[in-house]
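The block underneath contains the structure these notes are about, expressed in structure tokens.
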Amino acid sequence: MNTRTALLLAAAVAVTATAATVALKAGSWDLAVSRNAIRLSPLPRPGCPDCRGEGGWWSEGPYPGGELCWCWDRPTRTLRLLPVRDPWPDEPPF
């Protein structure tokens, strides 16, 4: 591989990661990556006028409890990843 191509590829990966981070923070999303899935979970919006970015509040009265704000009421997006097949299933693990 050419040195120039390798440098351009490394720069493209860095720029893509930075852009994804900025987009997730602006949209108030949390990215969680594991071996089995990629999950985008909503976060409370910092500019919400009702909860002021805290995501909810405690209710008063005879049955106090927490209530979520409308800004946090978004579905969690999950992309399940296929398991990787073991190329040598009969081989011992060590």
Side-chain angles (χ1 to χ4, degrees):
M1 186 185 308
N2 198 347
T3 305
R4 182 177 178 207
T5 306
L7 289 174
L8 286 174
L9 182 61
V13 169
V15 168
T16 303
T18 304
T21 303
V22 169
L24 288 171
K25 291 292 181 186
S28 298
W29 290 95
D30 180 37
L31 176 68
V33 179
S34 70
R35 185 175 179 172
N36 301 322
I38 299 172
R39 178 171 289 128
L40 283 172
S41 303
L43 293 174
R45 295 183 178 155
C48 178
D50 294 334
C51 69
R52 297 182 188 94
E54 294 184 15
W57 51 87
W58 286 99
S59 62
E60 301 290 330
Y63 304 106
E67 295 184 30
L68 288 178
C69 182
W70 62 271
C71 71
W72 210 346
D73 189 22
R74 294 177 284 169
T76 299
R77 309 286 186 196
T78 303
L79 175 64
R80 297 201 185 274
L81 302 176
L82 295 175
V84 178
R85 289 191 45 199
D86 188 9
W88 299 283
D90 297 336
E91 187 174 313
F94 305 123

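In this chain, numbering begins with 1 at the start of the sequence shown.
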Original post:
Which pair of non-hydrogen atoms, one from Gly65 and one from Trp58, has the smallest distance, and what is that distance?
Top reply: C-CE3, 3.3 Å
Original post:
So how far is it from Arg52 CZ to Cys71 SG, rounded to the nearest 0.5 Å?
Top reply: 12.0 Å
Subject >> Joint cluster assignment, Trp70 & Leu68, ILVMFWY side-chain distance < 4.5 Å >> reply: no
Validation: residues 33-44 side-chain donor-acceptor distances under 3.5 Å, sequence neighbours left out:
{"from": "Ser34", "atom 1": "OG", "to": "Asn36", "atom 2": "N", "distance (Å)": "3.4"}
{"from": "Ser34", "atom 1": "OG", "to": "Ala37", "atom 2": "N", "distance (Å)": "3.3"}
{"from": "Ser34", "atom 1": "OG", "to": "Ala37", "atom 2": "O", "distance (Å)": "3.3"}
{"from": "Arg39", "atom 1": "NE", "to": "Thr78", "atom 2": "OG1", "distance (Å)": "3.4"}

Original post:
side-chain hydrogen bond (donor to acceptor under 3.5 Å, both in side chains) with Trp57: which residues, sequence neighbours excluded?
Top reply: none
